[in-house]
Amino acid sequence: MISQEEMKKLATLSRIDFTDSELESMARDMDSILGYVEQLNEIEGKQDRLSASATERTNVMREDEVTSPAGKYTEKILDSAPKTNDNFIEVKKILNN
Amino acid sequence: MIDLNTLTIASARKSLDSKEYTVRELVDQYLKNIEEKNDEINAYLEIFSDIDEQVEVAQKLIDAGESKELTGIPIGIKDNILIDGRTVSASSKIIENYKATYDATVITNLKEHSPIFMGRCNMDEFAMGGSTEHSAYGITKNPVDTDRVPGGSSGGSAAAVAANMALITLGSDTGGSVRQPASFCGVVGLKPTYGSVSRNGLIAMSSSLDVIGTLSKNVKDSESLFNIIKGQDSLDGTSNEKESVGKKDKYKIGVPRSFISEGMDEDVLNAFEKDLESMKKMGHEIVDIDLPLLKYSLAVYYIIMPSEVSSNMSRFDGVRFGERVEGENLFEDYSKTRGEKLGMEVKRRIMLGTYALSSGYYDAYYNKAWQVREMMKKAVKKVFEDIDMIALPTSPTPAFKIGENEDPLKMYLSDVFTASANLLGTPAISVPTQKVEREGKKLPVGLQLIAPHFHEDWLFDISDKFDII
């Protein structure tokens with residue numbers, strides 16, 4: 001059973017506002033889902049998680065160069081933003097006391 | 001009157017190029033269906049306002065003898081694939097008015113053909129769901145029986161094809177979201193090999209599982225569409241391409257018996273047996289195989305997927321794009337924006353993922369799930385040394401009624417046969433081969449075939465020989 005305290009911690013980590021009753025209802029749903037996935041404990045697994053597919057994947061590299069001309073996407077980016085100020089996206093104060 | 005029920009890309013191409021009819025005439029028939037049915041079905045969230053211009057461009061190419069395979073062909077696009085300058089919302093309120101700032105690679109590939117982009121198709125919000133009931137813009141109804149769901153999350157894409165509102169559509173498949181709605185709506189749904197189709201421009205849900213897929217009325221059209229959208233892309237580090245291996249005269253099909261029989265709907269099981277008989281009559285060999293790890297696929301999926309979701313969804317914070325709900329401080333800007341603008345199913349999966357990845361639980365859940373995933377990959381690789389393809393029903397049931405699966409876990413169980421192909425990365429197709437009867441209505445059910453990586457042509461080869469009902 002996930003406690004309300006733990007749910008509140010998760011809500012903070014997730015950056016999501018929940019009412020208390022939403023959190024309670026979600027805790028019940030999560031308990032049932034987590035109860036279902038716990039069947040994985042039936043499996044003995046010493047398999048190294050990275051061993052097999054590590055050899056199938058390769059890194060995709062490119063030169064560390066800027067390829068687009070300065071300002072090319074500025075207007076598009078600013079047009080998408082909810083709040084802008086000059087050529088900046090405006091947000092509330094980041095650093096706290 | 002063009003018979004849209006039997007129309008194929010090839011026959012439309014022939015008729016358009018030979019001037020039997022014009023792009024305008026073809027598109028108008030689809031628009032008529034949209035006008036008559038979309039209010040109720042809600043397959044499309046938006047019909048694009050520039051269809052007339054697109055029609056003109058396509059017709060000019062045809063008149064100049066420069067048509068390509070899809071020139072003038074009506075196509076619908078799932079609301080999570082970016083088309084430059086057009087609204088794309090992932091059926092969510094959090095990016096309700098977001099205009100795409102670039103074309104997805106699949107769209108770039110399609111634009112070379114000048115098809116007619118009809119509109120954006122409804123989906124479960126951020127592709128999280130199995131019924132399209134979690135769209136923030138209303139449900140989509142199954143055109144076969146409007147009391148029932150079209151499946152999800154690509155429910156709008158499947159319904160649009162089934163209701164002749166587009167000849168072909170694109171969807172996305174993370175745990176079954178192209179194949180299951182294809183099965184529910186009676187159309188063909190393909191989930192390509194992971195990496196064979198670029199994810200650049202697909203709004204990410206679960207990055208190790210997501211694949212853009214195709215929906216169509218017949219197998220050849222899915223094959224055509226797949227060949228156009230696939231390809232290695234430098235903008236997608238997981239993309240890859242491999243030469244097709246060539247077809248076989250006879251295939252060996254494996255059936256994981258123990259996995260299927262547990263609690264299966266009897267009608268669906270009977271339909272599946274009929275399909276196996278059909279494949280035997282076609283000359284293929286049907287054998288029983290044992291894959292005991294398959295029964296854990298949903299558990300693995302419902303740990304890995306929410307974990308990746310919790311990470312991918314963090315970009316929706318009201319800062320750089322989308323809606324912003326103002327709070328007292330920066331933290332509240334985040335939490336109010338996400339709290340108010342995200343649907344409950346999305347929030348549920350974010351919370352699950354956050355839990356599975358949090359310290360103290362990471363090993364027990366996420367790490368464990370990855371280990372089992374690797375074990376599954378190894379086991380299936382071994383099985384594919386001996387057989388060519390795996391056959392399964394696409395879904396344990398036909399389309400369920402709207403509102404029937406309110407319990408989240410119950411809804412998740414409908415992915416039981418489809419999630420494994422996403423975990424493995426293998427291509428899989430759903431073909432509408434049979435119908436089962438429910439309350440006097442005949443509902444489609446799909447046969448699912450799973451092939452080894454990059455063996456889509458084997459899937460097309462067998463499934464093309466079925467009579468599509």
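Chain letters run A, B, ... following the sequence lines, proteins first, then strands; residues in each count from 1.
Side-chain contact between Y365(B) and L34(A): present, with at least one pair of heavy atoms (C-beta onward) separated by less than 4.5 Å. A 4.5 Å side-chain heavy-atom check between L40(A) and Y296(B) finds at least one atom pair inside the cut-off. Under the 4.5 Å side-chain criterion, counting only non-hydrogen atoms from C-beta, I303(B) is not in contact with E38(A). Y355(B) has its side chain out of reach of M7(A): every pair of non-hydrogen atoms, C-beta onward, lies at least 4.5 Å apart. Side-chain contact between V91(A) and D333(B) is absent, with no heavy atoms from C-beta onward closer than 4.5 Å. Residues F18(A) and K347(B) form a side-chain contact, since some pair of their non-hydrogen atoms from C-beta on lies under 4.5 Å apart.
No more than 12 heavy-atom neighbours from other residues, nucleotides or ligands sit within 6.0 angstrom of OH on Y73(A). Within 6.0 Å of atom CD in E75(A), 12 or fewer heavy atoms from other residues, nucleotides or ligands are found, so the atom counts as exposed in its surroundings.
Annotation: the span from L95(A) atom CG to L330(B) atom CG amounts to 10.0 Å, rounded to 0.5 Å. To the nearest 0.5 Å, the span separating OG on S310(B) from CG on L10(A) amounts to 10.0 Å. Summarising the geometry, atom OG belonging to S32(A) is positioned 12.5 Å from atom NZ belonging to K410(B); distances are rounded to the nearest 0.5 Å. Of the inter-residue distances, the one linking R15(A) atom CZ with I350(B) atom CD1 reads 12.5 Å to the nearest 0.5 angstrom. Here the CE-CD distance, from M344(B) to E22(A), works out to 3.5 Å after rounding to the nearest 0.5 Å. We find the OG-CG distance between S80(A) and N97(B) to be 11.5 Å, quoted to the nearest 0.5 Å.
Ranked by heavy-atom pairs under 4.5 Å with chain A, the first of A364(B), A299(B), G339(B), G195(B) is A299(B). Chain A forms more heavy-atom pairs under 4.5 Å with one residue of E340(B), M351(B), R338(B) than with any other, namely M351(B). Contact tally against chain A (heavy-atom pairs below 4.5 Å) for P306(B), G425(B), G327(B): the top residue is G327(B). When I16(A), V60(A), I2(A) are compared by the number of non-hydrogen pairs under 4.5 Å with chain B, I16(A) comes out ahead. Of all the listed residues (T19(A), I33(A), T12(A)), the one sharing the greatest number of non-hydrogen pairs under 4.5 Å with chain B is I33(A).
Contacts between E90(A) and chain B at a heavy-atom distance below 4.5 Å involve the backbone alone (N, CA, C, O). Both the backbone and the side chain of E326(B) come within less than 4.5 Å of a heavy atom of chain A. Heavy atoms closer than 4.5 Å to chain A are found in the side chain of V372(B), but not in its backbone. In this structure, chain A has heavy atoms under 4.5 Å from both the backbone and the side chain of L298(B). With a 4.5 Å cut-off on non-hydrogen atoms, L413(B) touches chain A through its side chain but not through its backbone. Residue contact with chain A, scored on non-hydrogen atoms closer than 4.5 Å, involves the side chain of Y361(B) exclusively. For Y412(B), the part lying near chain A is the side chain, with the backbone staying farther off; criterion is any non-hydrogen pair under 4.5 Å. Contacts between A356(B) and chain A at a heavy-atom distance below 4.5 Å are absent for every atom of the residue. With a 4.5 angstrom heavy-atom cutoff, K9(A) does not touch chain B via any of its atoms. In this structure, the portion of D84(B) lying under 4.5 Å from any heavy atom of chain A is its side chain and not its backbone.
Proximity of a side-chain donor or acceptor of K368(B) to a complementary backbone N or O of I43(A) within less than 3.5 Å is detected.
Salt-bridge annotation for R349(B) and D29(A): absent, with no side-chain N of the basic residue lying under 4.0 Å from a carboxylate O of the acidic one. A salt bridge does not link E328(B) to K92(A): none of the charged nitrogens lies less than 4.0 Å from a carboxylate oxygen.
Shown here for G322(B) and P82(A), the closest heavy-atom pair between the two residues is O-CG, 3.3 Å. Listed here is the closest heavy atom pair of K76(A) and T101(B): NZ-O, 2.8 Å.
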Inset, instruction - Kindly indicate, with the supporting measurements, whether the criterion side chain to side chain contact (heavy atoms under 4.5 Å, CB included) is fulfilled by R320(B) and I77(A). - result: CA-CA 8 Å; R320(B) 290 156 297 155; I77(A) 292 171; over 6 Å; no
Legend entry - K341(B) and D17(A): CA distance, side-chain angles, deciding distance, salt bridge (Lys or Arg N to Asp or Glu O under 4.0 Å) verdict: CA-CA 10 Å; K341(B) 297 293 182 180; D17(A) 245 8; over 6 Å; no
